[in-house]
Amino acid sequence: MGKHGGAKPKIAVYLSDGIIFLAGAFMSLILVWSYFSVYSPSSNFTLTGSRKNGEPSKCSGFDMRFDPPDTGFYDDPDLSYSIEKPITGWDEKRKQWLESHPSFKPGSENRIVMVTGSQSTPCKSPIGDHLLLRCFKNKVDYCRIHGHDIFYSNSLLHPKMNSYWAKLPVVKAAMLAHPEAEWIWWVDSDAIFTDMEFTPPLHRYRDHNLVVHGWANIIYEKQSWTALNAGVFLIRNCQWSMDLIDTWKSMGPVSPDYHKWGLIQRSIFKDKLFPESDDQTALIYLLYKHKELYYPKIYLEAEYYFQGYWIGVVGDFANVTERYLEMEREDATLRRRHAEKVSERYGAFREERFLKGEFGGRGSRRRAFVTHFTGCQPCSGDHNPIYEGDTCSDEMIRALNFADNQVMRVYGYVHSDLTKTSPLQPVPFDYPDEPW
């Protein structure tokens, strides 16, 4: 289990504060639209092994059929998954579970379960369900390549915690359901992995319990509600995080002071354009008002696109593709055919050979790690009116195909045109050194 305390190192920020603040002001308009959708993040894509000669099923060395009869925390009738009832002693409970399930202990300090979801009803937009399916496929692809479990919820776990607040009940439930995992990784349904090789630098977060994309100076100097984005975050599976969720949700719809919290947030963060208390501004409020308590444990990631606003990403797909192909022309190791199971070896090679020390913002040689289609509302189709026509859906398809090329390359095919999902083009043997 990871460490839960420590001081926060300084974060290098590569864009000027002024540009970031202007971008934040613009983003506030975008986020208003993005926040009025229902995220009710149910199928669990955990791999299971086969039974042979009566032996227990195993997956990656896990004994999937062993659960000792000794009484554990799951047997406590007072333990509740509900967002309204706090959890205590969680670090010790997790430790005891891992001790009694020793096959899950190796590697547990870096184990991740990804959590995502969408609303429980069919989409209003004719293309909405298709886009959500493809966005989910994108996350499943990433998790399969990197060995993460993934959980998808399309139901509210609390009737009041809807829209952007729906993520907190499912994140808490996932923490309880997965004591073997050190991290729970929430990813909004409209966020797309556009670098399928990159892995978060978990060593950087060893003294922190929450990782979000954001900037400290925008919180403490500008007091902007766009100082961070709560649509993608890593949260450590520990008691500190349980306590954070309990405090965080107290500004949500389950609170009798819900209306009051909206007024308080707008009184501090003047660029917040809608009156309701929301999860993102609530988290910024905790950082702003209780810096000594939360800032040392929350890592504001700004050195790469932990999540990047799509408008600043999609226009560079052609250039970044060419940059990555040039790396492959330069070193044959990256052109070598290989099994998908060993894809991380080649991503690590590219990182060391070509990208080490390269920051991940606009103008970088890196692909954006996660591209977030904030304000697009793919399910309802009620996108921000500043986006013309089918711009959102068209660019989501391009982003999905851009990411899919990185997956399908291992299967021998790619999209030769990012605007077309099918058919795919066979890849020549020594591509890209060998032309089409």
Side-chain angles (χ1 to χ4, degrees), residues 1-4 6 8-14 107-116 135 138-151 167 171 174-175 178 180-188 191-216 228-238 240-241 244 283 296-309 313 320 324 343-352 354-361 364-372 399 403 406-407:
M1 295 176 64
K3 302 176 183 177
H4 301 154
K8 181 182 179 68
K10 292 185 181 293
I11 299 174
V13 180
Y14 296 90
S108 61
E109 67 277 3
N110 290 322
R111 190 168 298 133
I112 291 172
V113 171
M114 187 177 294
V115 180
T116 186
C135 287
N138 168 263
K139 296 173 180 68
V140 170
D141 284 340
Y142 183 87
C143 288
R144 185 184 65 253
I145 290 168
H146 296 284
H148 306 320
D149 285 346
I150 185 168
F151 178 78
K167 67 186 70 166
V171 167
M175 292 168 70
H178 289 277
E180 81 285 357
E182 183 71 11
W183 294 97
I184 302 298
W185 192 355
W186 171 265
V187 184
D188 274 359
I192 297 170
F193 286 89
T194 42
D195 189 341
M196 305 301 279
E197 290 181 343
F198 187 81
T199 58
L202 296 182
H203 64 279
R204 186 186 297 175
Y205 314 136
R206 61 184 176 271
D207 295 326
H208 299 84
N209 298 330
L210 181 68
V211 182
V212 292
H213 191 80
W215 305 270
L228 60 80
N229 189 295
V232 179
F233 60 81
L234 275 165
I235 188 166
R236 192 183 296 277
N237 196 357
C238 67
W240 183 95
S241 300
L244 171 66
L283 182 58
K297 306 292 182 68
I298 298 177
Y299 198 105
L300 298 173
E301 182 58 85
E303 295 188 26
Y304 65 92
Y305 276 136
F306 189 63
Q307 71 86 41
Y309 176 43
V313 174
V320 76
Y324 274 65
S343 292
E344 279 198 343
R345 179 259 191 269
Y346 294 88
F349 179 86
R350 190 194 303 272
E351 182 73 21
E352 182 67 25
F354 293 102
L355 297 171
K356 190 174 183 179
E358 181 83 15
F359 76 95
S364 169
R365 298 177 70 204
R366 290 187 182 278
R367 294 180 287 228
F369 181 36
V370 176
T371 301
H372 198 173
Q406 300 164 49
V407 177

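Everything numeric here is computed off the predicted structure, so don't read it as measured data.
Shown here for Asn209 and Trp183, the closest heavy-atom pair between the two residues is O-CZ3, 3.9 Å. Nearest heavy atoms, Asp149 versus Glu180: OD2-OE2, 4.4 Å. The minimum heavy-atom distance between Ala403 and Asn138, with the atom names listed, is CB-ND2, 3.5 Å. For the pair Gly214 and Leu300, the tightest heavy-atom approach, listed with the atom from each and the gap, is O-CB, 3.6 Å.
Rounding to the nearest 0.5 angstrom, the gap separating the CH2 atom in Trp186 from the OG1 atom in Thr116 is 5.0 Å. Interatomic distance, Lys139 NZ to Met114 CE, rounded to the nearest 0.5 Å: 8.0 Å. Taking NZ of Lys297 as the reference point, atom CZ of Arg236 lies at 10.0 Å (rounded to 0.5 Å). In this structure, OH on Tyr299 lies 12.0 Å from NE2 on His213, to the nearest 0.5 angstrom. Rounded to the nearest 0.5 angstrom, Asn229 CG and Asp188 CG are separated by 7.0 Å. Taking CD from Glu303 and CD from Glu358, the interatomic distance works out to 12.0 Å, rounded to the nearest 0.5 Å.
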- Should Leu355 and Arg365 be marked as a side-chain contact (heavy atoms from CB on, under 4.5 Å) after you check the CA-CA gap, both sets of side-chain angles, and the distance that decides it? CA-CA 8 Å; Leu355 297 171; Arg365 298 177 70 204; 4.2 Å; yes
- Task: Tell me, with the steps shown, if Phe306 and Val232 meet side-chain contact (heavy atoms from CB on, under 4.5 Å).
- Result: CA-CA 8 Å; Phe306 189 63; Val232 179; 3.8 Å; yes
- Item | Verdict with supporting geometry, Arg144 and Ile150, side-chain contact (heavy atoms from CB on, under 4.5 Å) | CA-CA 9 Å; Arg144 185 184 65 253; Ile150 185 168; over 6 Å; no
- Task: Report the C-alpha separation of Phe359 and Tyr304 in whole Å, then their side-chain angles, then the decisive distance to 0.1 Å, and conclude whether the ring pair (Phe, Tyr, Trp, His ring centres under 6.0 Å) test is met.
- Result: CA-CA 6 Å; Phe359 76 95; Tyr304 65 92; over 10 Å; no
- Using the side-chain contact (heavy atoms from CB on, under 4.5 Å) rule, take Val320 and Val313 through it: C-alpha gap first, then chi angles, then the decisive distance, then the call. CA-CA 10 Å; Val320 76; Val313 174; over 6 Å; no
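Aromatic ring orientation, His146 versus His148: parallel (interplanar angle below 30°, classes split at 30° and 60°). Between Phe193 and Tyr142, the ring planes are parallel. Angles under 30° get that label, and only those over 60° would be called perpendicular.
Glu301 is listed as a side-chain neighbour of Arg204, based on a closest heavy-atom distance under 4.5 Å. With a 4.5 Å cut-off on side-chain heavy atoms, Ile298 and Leu228 do not count as touching. In this structure, Val113 and Asn237 have side chains that are not in contact, with every pair of non-hydrogen atoms separated by 4.5 Å or more. The closest side-chain heavy-atom distance from Pro200 to Leu234 is below 4.5 Å. Counting heavy atoms from C-beta on, the side chains of Cys135 and Ile192 come closer than 4.5 Å. Val187 has its side chain out of reach of Gln307: every pair of non-hydrogen atoms, C-beta onward, lies at least 4.5 Å apart. In this structure, Glu351 and Arg366 have side chains that are in contact, with non-hydrogen atoms separated by less than 4.5 Å.
The distance between the ring centers of Trp185 and Tyr205 does not fall below 6.0 angstrom.
Applying the side-chain hydrogen bond (donor to acceptor under 3.5 Å, both in side chains) criterion to Ser241, with sequence neighbours excluded, gives no partner residue. Considering only residues two or more places apart in sequence or on other chains, Glu344 meets the salt bridge (Lys or Arg N to Asp or Glu O under 4.0 Å) condition with none of them.
Using a cut-off of 4.0 Å between Lys/Arg side-chain N and Asp/Glu carboxylate O, Arg206 and Glu182 are scored as not salt-bridged.
Judged by the 6.0 Å distance and 45° axis criteria, Arg367 is positioned over the aromatic ring of Tyr324.
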